[in-house]
Amino acid sequence: MADDKKLTPRAQDFSAWYNEVVLKAELADYSPVRGCMVIRPDGYGIWERMQRALDDMFKATGHRNAYFPLFIPESFLKKEAQHVEGFAPETAVVTHGGGKKLEEPLIVRPTSETIIYAMFAKWVQSYRDLPLLINQWANVVRWEMRTRLFLRTLEFLWQEGHTAHATHDEAEEEARRMLGVYRDFMEGWMAMPVITGQKTDSERFAGALRTYSCEAMMQDNKALQAGTSHNLGQNFAKAFDLKFQTESGGTEFAWNTSWGVSTRMIGGLVMTHGDDNGLRVPPMLAPTEVVIVPIWRTDEERDRVFEAAHRIKATLAAGEQRGANRLRVHVDAREGIKPGAKYFEWELRGVPVRMELGPRDLDKAQAVVVRRDTREKRPVSLDALGRDVADLLERIQGDMLVAARDRRESNSFRGEITYDRFREVMNAEGAFVYAGWCGDGSCEAQVKEDTKATIRVLPDEEFRSAEAPTKCMHCGRGATSEALWAKAY
RNA sequence: CGGGACGUAGCGCAGCCCGGUAGCGCACCUGAAUGGGGUUCAGGGGGUCGCGGGUUCAAAUCCCGCCGUCCCGACCA
């Protein structure tokens with residue numbers, strides 16, 4: 001293969017590589033509106049599978065879907081002091097409708113807490129109405145100054161869960177439970193390992209008591225905040241008069257949580273798994289799991305190979321050799337394109353398994369199976385193909401997670417680190433550094449100024465270093481907690 | 001909003017300094033050969049050169065103004 005046909009090597013310029021993969025794999029395109037993105041069918045296919053998987057997980061935890069308005073009265077946003085402070089600068093505002101100036105401007109939702117809790121206030125009377133567990137799939141708008149495909153666009157698709165509970169502890173449990181759901185999804189479906197934990201005050205959601213986050217490491221060693229879950233306390237309940245009557249007859253404000261993940265995850269997927277040949281999609285999220293590339297010379301050979309290819313597709317799609325495990329298979333029947341060109345195209349698009357099928361294979365009752373993640377190639381007997389391919393897909397799914405975790409860990413620092421060394425690492429290749437923090441926001445700010453690194457989360461117990469921190473990495477004072485430091489998107 | 005760069009075919013670009021028939025690569029269409037890792041040859045379609053004004057016999061090219069985009073900062077999921 002000629003080097004000049006490869007994608008930009010990511011070591012040289014990760015951003016350029018990322019943009020090229022997203023555009024060339026046809027996941028998305030730039031729209032005529034600056035900062036807005038068009039998600040193309042290939043990208044949307046991945047999103048649909050993400051949606052379906054998450055939706056099932058939400059249903060299993062008792063949540064139900066609903067839909068709330070795109071427009072939010074300006075006054076709603078202003079009811080919660082921190083919330084308006086956080087979001088007002090990045091809102092799009094509708095001032096005219098039907099050719100007339102509106103009496104009150106309408107905000108295009110940047111998030112829906114205000115309008116949802118205004119409705120909750122109508123719906124909740126008694127403790128018997130709680131918990132109220134709602135999710136909505138929607139688009140939101142945040143007027144960002146600089147945008148990037150999938151990672152930060154003016155408009156994006158997401159889900160936002162909103163719940164109301166009778167007690168603080170119940171809300172706290174909910175916020176943590178949904179963070180766990182996100183982690184299960186990101187690791188189980190996306191093969192993208194994440195560090196979970198609590199955000200510091202400086203990165204807490206505007207209006208929340210506590211914010212929890214899933215942080216993933218991209219291949220340039222930067223962190224991507226892939227999902228967040230908030231314990232909102234009673235802040236919004238008080239602002240929107242969301243009260244309920246308790247069992248003992250008293251009146252109390254409800255406790256809320258909100259949590260969301262977005263199309264940003266697709267960007268995370270690309271930056272976690274992509275390589276110099278393009279995209280790699282984990283099997284569980286791949287709209288097409290197996291692509292069959294028929295190879296032929298003569299018309300007779302073509303007929304024979306096509307017949308076999310479609311028979312194999314039918315077998316795999318029906319899951320006949322493996323019970324319920326139906327595979328998503330595509331036969332690339334295009335004529336006039338050489339097989340080699342097809343290989344490169346499907347690799348660029350990230351289809352996990354490619355099956356090469358030619359006359360020589362049929363003579364031997366086999367097919368050549370190539371896995372996208374390692375590009376390992378091996379012949380497989382047609383007799384047990386269904387089982388073999390299904391097993392291979394499971395192995396790829398698992399191996400991709402292991403590979404991503406290994407890469408993250410080999411770029412992580414745990415235990416003692418001097419601030420000089422920290423600066424050196426952050427300003428060079430970047431890393432995840434677990435180090436003590438005194439809890440003072442000014443230390444956090446100073447580190448950010450020195451290195452652009454911030455505290456991504458205060459990690460959960462299981463992700464901390466073996467040695468508990470004793471000193472703040474920056475100021476040397478006693479550490480109150482251990483923090484995960486990294487540069488972020 | 002500060003600093004820099006750029007607007008020419010769907011995409012990527014050359015041409016501009018030194019004014020004179022609108023070019024190249026990829027992609028697309030037609031035909032033939034090819035076909036187990038990015039085929040080759042031949043033919044073909046497609047552009048008010050970002051917009052407006054000025055100079056000139058003549059402007060993609062020179063001058064003035066505007067608009068837009070991208071990159072770096074500030075900001076942020």
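In the text below, chain A, chain B and the rest are named by the order of the sequence lines, each starting its count at 1.
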Subject >> For rC51(B), the Watson-Crick or wobble partner whose two distances fall under 3.5 Å >> reply: rG65(B)
Original post:
Ignoring hydrogens and angles, does a donor from either the side chain of E301(A) or the base of rG35(B) sit under 3.5 Å from an acceptor on the other?
Top reply: no
Original post:
Of the nucleotides rG35(B), rG37(B), rC76(B), which one has an atom closest to the side chain of E356(A)?
Top reply: rG37(B)
Original post:
Quick one: side-chain contact (heavy atoms from CB on, under 4.5 Å) partners of P193(A), sequence neighbours excluded?
Top reply: E187(A), L401(A), A404(A), R405(A), R408(A)
**OP:** Identify the nucleotide, in any strand shown, that forms a Watson-Crick or G-U wobble pair with rG2(B), with both distances under 3.5 Å; if there is none, say none.
**Re:** rC72(B)
Subject >> Sugar-phosphate, base or nothing in reach of R354(A), heavy atoms under 4.0 Å >> reply: base
Subject >> ring pair (Phe, Tyr, Trp, His ring centres under 6.0 Å) partners for Y182(A), two or more places apart >> reply: none
**OP:** Among rC75(B), rG37(B), rG35(B), find the nucleotide with the atom closest to the side chain of K377(A).
**Re:** rG37(B)
Original post:
Looking only at atom P, what distance separates rG50(B) and rG12(B), rounded to whole Å?
Top reply: 14 Å
Original post:
Do the side-chain N and O atoms of E160(A) and S258(A) include a donor-acceptor pair separated by under 3.5 angstrom?
Top reply: no
Subject >> Residue pair Q366(A) / D361(A), side-chain donor-acceptor N/O under 3.5 Å >> reply: yes
**OP:** For T153(A) and for N19(A), find the nucleotide of RNA chain B with the closest heavy atom, then tell me which residue's nucleotide is more 5'.
**Re:** N19(A)
**OP:** Examine the base of rG35(B) for any acceptor or donor lying under 3.5 Å from a partner atom in the side chain of R302(A), and report the outcome as yes or no.
**Re:** no
Original post:
Can you name the closest pair of heavy atoms from Y44(A) and I39(A) and give their distance?
Top reply: N-CG2, 3.4 Å
**OP:** Output the single nucleotide from rC75(B), rC76(B), rG36(B) whose closest atom is nearest the side chain of M145(A).
**Re:** rC75(B)
Find every protein N or O atom lying less than 3.5 Å from an N or O atom of nucleotides 25-34 of chain B, and list the pairs.
none

Original post:
So, W259(A) versus H63(A), ring centres under 6.0 angstrom or not?
Top reply: yes
Subject >> Candidates rG36(B), rG37(B), rG35(B) - which lies nearest the side chain of V368(A) >> reply: rG36(B)
**OP:** Using Watson-Crick or G-U wobble geometry with both distances below 3.5 Å, tell me the partner of rA58(B), or none.
**Re:** none
Original post:
Between rC76(B), rU39(B), rG36(B), which nucleotide has the shortest distance from any of its atoms to the side chain of I295(A)?
Top reply: rG36(B)
**OP:** Would you mind classifying the nucleic acid contact of E347(A) as base, sugar-phosphate or nothing, using non-hydrogen atoms under 4.0 angstrom?
**Re:** base
**OP:** Measure from the side-chain heavy atoms of R152(A) and tell me the nearest of rU39(B), rC76(B), rG35(B).
**Re:** rC76(B)
Original post:
Does OP1 or OP2 of rA74(B) have a side-chain N or O of K452(A) closer than 4.0 Å?
Top reply: no
